[in-house]
Amino acid sequence: MPATNPAILTADLIRCPSVTPEEGGALVLLEKLLAEAGFDCTRVDRGDTSNLFARWGNKGHARSFGFNGHTDVVPVGDEAAWSVAPFGAEEKDGFLYGRGSTDMKSGVAAFVAAAVDYVKETPPDGALILTITGDEEGDATDGTTALLDYMQAAGEKMDVCLVGEPTCPNKMGEMIKIGRRGSMTAWFTVNGVQGHSAYPHRANNPLNAMVRLMDRLASHELDTGTDHFDPSTLAVLTIDTGNPATNVIPAKATSAVNIRFNDAHSGESLTNWLQQQVDTVAAEFDLSIDMTVKISGESFITPPGALSEMVSDAVEAETGIRPELSTTGGTSDARFVQHHCPVVEFGLVGKTMHQVDERVEIAQIHQLKEIYTRILKDYFA
């Protein structure tokens with residue numbers, strides 16, 4: 001029986017225009033392939049989002065390995081800026097081009113191909129579970145969370161999980177993610193008193209308070225890092241008044257900041273700190289300041305151990321490189337999976353993800369399949 005070609009599968013997935021929340025045919029394609037290989041497949045759709053749960057082996061087996069990934073992609077942007085059709089899956093100079101080629105249809109294709117061939121060739125004594133979502137690049141409210149809700153209700157479980165996001169900065173095999181920073185955004189509104197700029201004493205300029213608040217936040221050192229994390233960061237995103245006049249003190253100013261935080265903090269503790277800064281500045285300027293906070297995810301860590309060792313051994317065996325265990329980068333759906341079971345992330349080089357002319361080295365797709373196959377063999381050995 002011929003092996004499943006992960007590069008061909010990646011190309012087929014790229015041709016599915018699955019910009020969040022559109023399914024684009026990607027999950028239909030994968031469900032057919034997995035069902036033909038003996039996987040029990042269930043569509044777990046919620047809201048506008050399509051998701052796929054697939055299990056090979058008995059439900060509730062004593063040993064269960066899981067893969068997680070997403071088929072949705074970000075918009076193409078200015079299509080005229082692309083040198084190829086964004087959903088054309090064109091091959092050129094050893095690369096496969098297209099939106100989602102790196103992030104992360106190649107990763108999904110690699111673990112699906114590895115899973116399909118593995119259960120055909122060496123049926124394991126255990127269960128193999130694939131959770132594939134169409135809502136990772138969006139708000140992520142109806143994607144992996146919906147799949148995990150379904151699993152809990154249906155009595156399904158993963159003992160460990162590998163997320164196939166691109167994790168390597170420059171070279172295949174150099175990095176595994178064992179955790180992620182938390183992320184939160186805060187929006188501020190300062191309500192002042194409008195007036196003539198020549199008579200500032202008759203107004204109460206909200207920008208003075210806003211600038212003071214932003215300076216306090218941006219100049220504060222949140223921490224110096226922890227055992228597995230770099231220092232937390234706060235970035236000022238915008239300060240706005242919507243004021244086109246040169247002789248008017250505005251009545252209102254708004255701003256926003258984003259914080260990427262390590263395990264020295266929680267979303268709640270940082271919200272409390274932000275509120276303290278708001279209260280201090282509001283009292284200093286005798287103005288009201290409103291704050292709204294959205295916590296996208298808490299920081300988490302899967303402590304180095306059996307799972308990261310097994311993945312590292314497989315990566316080193318296939319690439320000759322011992323990967324660094326890292327928590328750098330943005331957020332991923334691993335932040336949801338970590339509540340269900342131990343989780344790490346490993347995938348290919350992610351240099352061009354979300355860019356114009358996004359592309360993946362075709363050889364890396366095949367290499368990634370071999371790494372995932374070795375991990376499955378080692379896990380079920």
Side-chain angles (χ1 to χ4, degrees), residues 1-37 39 41 50-52 54 67-77 79-118 120 130-137 162-168 172 318 346-373:
M1 186 175 296
T4 306
N5 188 316
I8 292 176
L9 181 54
T10 300
D12 290 341
L13 289 172
I14 290 171
R15 294 186 186 103
C16 300
S18 52
V19 177
T20 317
E22 296 299 321
E23 185 270 334
L27 295 179
V28 172
L29 186 159
L30 293 174
E31 183 176 5
K32 183 176 184 295
L33 175 63
L34 289 164
E36 289 174 351
F39 282 76
C41 296
S50 295
N51 306 292
L52 178 63
F67 283 107
N68 173 266
H70 66 91
T71 53
D72 64 316
V73 299
V74 297
V76 300
E79 190 167 347
W82 286 67
S83 67
V84 297
F87 298 109
E90 184 173 326
E91 293 185 26
K92 193 165 53 173
D93 300 324
F95 286 84
L96 180 61
Y97 283 70
R99 176 58 83 223
S101 55
T102 298
D103 187 14
M104 60 167 287
K105 289 182 173 179
S106 51
V108 170
F111 72 63
V112 167
V116 165
D117 288 354
Y118 180 68
K120 286 180 181 177
L130 280 58
T131 54
I132 306 171
T133 177
D135 183 34
E136 196 273 347
E137 299 291 7
L162 176 59
V163 178
E165 288 278 2
T167 58
C168 300
M172 187 66 172
E318 294 294 334
F346 178 75
L348 39 67
V349 175
K351 271 186 169 181
T352 64
M353 55 185 173
H354 295 200
Q355 293 183 9
V356 167
D357 280 352
E358 182 180 351
R359 57 200 176 274
V360 59
E361 190 173 341
I362 294 171
Q364 286 188 10
I365 308 175
H366 292 283
Q367 194 172 27
L368 188 59
K369 179 192 173 184
E370 294 307 311
I371 292 169
Y372 290 158
T373 300

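In what follows, every heavy atom counts, from backbone to side chain, and hydrogens, waters and symmetry copies are set aside. Position 1 is the first residue of the sequence; numbering continues from there.
Applying the side-chain contact (heavy atoms from CB on, under 4.5 Å) rule to T71 yields the partners A26, L27, L30, V108, I132; only residues at least two apart in sequence or on another chain are considered. Under the side-chain contact (heavy atoms from CB on, under 4.5 Å) criterion, H354 pairs with V74, D103, E137, not counting sequence neighbours. Checked against side-chain contact (heavy atoms from CB on, under 4.5 Å), D357 has the following partners two or more places apart in sequence or in another chain: W82, S83, V84, Y97, R359. For E90, the salt bridge (charged side-chain N to carboxylate O under 4.0 Å, His left out) criterion is met by no residue, not counting sequence neighbours. Applying the side-chain contact (heavy atoms from CB on, under 4.5 Å) test to Q355 and every residue at least two apart in sequence or in another chain returns T352.
Using modelled atom types, one side-chain atom of T131 and one backbone atom of F67 make a donor-acceptor pair closer than 3.5 Å. With hydrogens and angles ignored, the 3.5 Å screen pairs a side-chain donor or acceptor of T167 with a backbone N or O of G347. S101 places a side-chain N or O within 3.5 Å of a backbone atom of E358 that can act as its donor or acceptor partner.
Residue pairs satisfying the side chain to side chain donor-acceptor pair (under 3.5 Å) criterion with at least one member in residues 12-27, sequence neighbours excluded, are listed as follows: D12-R15, S18-K105, T20-D72.
S106 and L348 get closest at one heavy-atom pair: OG-CD2, 3.6 Å.
No more than 12 heavy atoms of other residues, nucleotides or ligands shown are found within 6.0 angstrom of NZ on K32.
To the nearest 0.5 Å, atom CZ of residue F111 and atom CG of residue L9 are 10.0 Å apart.
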